[in-house]
> 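To start, I am sharing the structure in question, which I have written as structure tokens.
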Protein chains: 2
Amino acid sequence: MLAKGKIMESPELEKIRDEFTEIAGQLSARLGLSRTVGQLYALLFLSDEPLCLDYMVERLRVSKGSVSTNIRELEKWGGVRKVWVKGSRKDFYEANPDTLKIVINRFKGGIQERLNEMSEGISRFEKVVSEIESNLPVEEKKKAQFYREKFRKVKKMQALINTFLKIIPKKILL
Amino acid sequence: MLAKGKIMESPELEKIRDEFTEIAGQLSARLGLSRTVGQLYALLFLSDEPLCLDYMVERLRVSKGSVSTNIRELEKWGGVRKVWVKGSRKDFYEANPDTLKIVINRFKGGIQERLNEMSEGISRFEKVVSEIESNLPVEEKKKAQFYREKFRKVKKMQALINTFLKIIPKKILL
DNA sequence: TACTTAGTTTAGAACATTCTAAACGTTCTA
DNA sequence: TAGAACGTTTAGAATGTTCTAAACTAAGTA
């Protein structure tokens, strides 16, 4: 199953590895990823050699389909990469050791997407308000003004977050 | 329904408000909160007066139970606060205007909890490894060493994230 | 060509989350 | 004290996600 054939493991080390992957799985689930994604990454992170699908299936007791789907998900955002192991026609994977970078990039990407969605909405709203404002009765005009103010606040927040996201890598990575 | 009696609204402004809350709801859902929490906060954020449960029920077309539960969730982490409106025995709420602070605090808290869980695990693992290491066969000793190294890496990451979380408020808030 | 091996895709099962509707407990009012 | 007003709690419905099992595709091997 392993790249260079299976070796016997001490039950204690085996247990540590299982618990490690389990914790990573929970972490992953809490962060909005699937549990299996976290488990897979952890398993590879804690391995000194590339692993094949069947091995991961056996170790984590999950279905082959699930491993297949989730490992490709991981691959998509650079969490693991496929490696060649000569003498085998299986796919082997190894973890990208730069865990922090992976997490941060994914995280940044997600936030930025959301911010963009919000921005589109806000622009649209501002446009509508300026179009209708002159035709509103006094009371409503006040409300329109109030909305404007709020939209400005939201945009300011978005800008803050954006500049902040840009400085993250410098601050945290080395 | 409103604190000072209901006023007619222009349909355009009404539509903007509904879309605004909708977007906030989606944002909220993506960030791991319930959709309704986001909608409630957005509705209050965009209101120039405190709102009561029934009004929120009517505006968002969600059940009273859901509003009750979710507004208290929001209250718990400082997103909204209950205000007194004289002449009514209803509960009125207003949004904490410091949106960014709320989000960041919640976010920080969540991450820190997860880090602590991880830390506990890692400490336990390190203890076990050092206890059993001397009794392991050569091949396994190497693996134990390898595990140690990985644990050290994880701890280093945790430390980085922790110091980073501490500087967030200064960097982003004002 | 038939068989084996490996990975992918998919229909539906299992599960967790969040909602609704309704019952409920309190507090106020007449 | 009866009834209304209000918010809370809860059982179960609706929904969404992620898994499994099995069918499938592709590629190597005998």
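FYI, side chains are in, hydrogens and waters are out, and symmetry mates aren't considered; it's all heavy atoms of this structure. Naming convention: chains lettered A, B, ... in sequence-line order (proteins, then strands); numbering from 1 in each chain. Everything quoted here is computed from the prediction, not taken from an experiment.
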> So, does A:Thr163 use its side chain to make a donor-acceptor pair with the main chain of A:Leu160 at under 3.5 Å?
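Yes, the answer is positive, given that a donor and an acceptor are paired below the 3.5 Å cut-off.
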> Restricting to salt bridge (Lys or Arg N to Asp or Glu O under 4.0 Å), what partner residues turn up for B:Arg30, sequence neighbours left out?
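Partners of B:Arg30 under the salt bridge (Lys or Arg N to Asp or Glu O under 4.0 Å) test: none.
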> Please classify the nucleic acid contact of A:Val62 as base, sugar-phosphate, or nothing, using heavy-atom distances under 4.0 Å.
sugar-phosphate
> With a 4.0 Å cutoff (strictly under), does any side-chain N or O of B:Arg72 reach OP1 or OP2 of D:dT8?
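So the side-chain polar atoms of B:Arg72 do come within 4.0 Å of the phosphate oxygens OP1 or OP2 of D:dT8, strictly under.
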> Given that A:Arg89 and A:Thr36 both sit by DNA chain D, which one's nearest nucleotide is further toward the 5' end?
A:Thr36
> Would you indicate, yes or no, if C:dT8 has its OP1 or OP2 atom less than 4.0 angstrom from a side-chain nitrogen or oxygen of A:Ser68?
yes
> Calculate the interatomic distance between B:Leu33 atom CG and C:dC19 atom C1'; express it in whole Å.
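Answer to the nearest Å: 16 Å.
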> Under 3.5 Å, is there an N or O donor on one side and an acceptor on the other linking the side chain of B:Lys64 and the base of D:dG7?
yes
> Which whole-number value in Å describes the distance from B:Asp91 CG to C:dT26 P?
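From B:Asp91 CG to C:dT26 P: 16 Å.
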> Please state how far atom CZ in B:Arg30 lies from atom C1' in C:dT18, giving the value in whole angstrom units.
18 Å
> How many angstroms lie between OG1 in A:Thr36 and CG in A:Asn70, if you round to the nearest 0.5 Å?
5.0 Å
> Consider the side chain of B:Leu53, meaning its heavy atoms from C-beta on, and name the nucleotide among D:dC19, C:dT18, D:dT8 that approaches it most closely.
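Nearest nucleotide to the side chain: D:dT8.
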> Expressed in angstrom and rounded to an integer, what is the separation of A:Ile71 atom CD1 from C:dG7 atom P?
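Roughly 11 Å, once rounded to whole Å.
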> So, does A:Ser88 use its side chain to make a donor-acceptor pair with the main chain of A:Val85 at under 3.5 Å?
no
> Using side-chain hydrogen bond (donor to acceptor under 3.5 Å, both in side chains), reason through B:Tyr41 and B:Ser28 one step at a time and then give a plain yes or no.
CA-CA 10 Å; B:Tyr41 181 81; B:Ser28 174; over 6 Å; no
> Can you check the A:Leu31 CG to D:dT18 P distance for me, whole Å?
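One finds 13 Å between P of D:dT18 and CG of A:Leu31, rounded.
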> Could you state the atom-to-atom distance from CG of A:Leu60 to P of D:dT20 in whole Å?
10 Å
> Grab the NZ-C1' distance between A:Lys82 and C:dA6 for me, whole Å please.
11 Å
> Return the value, rounded to whole Å, for the distance between atom NZ of B:Lys90 and atom C1' of D:dC6.
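Atom-to-atom, B:Lys90 to D:dC6, this comes out as 8 Å.
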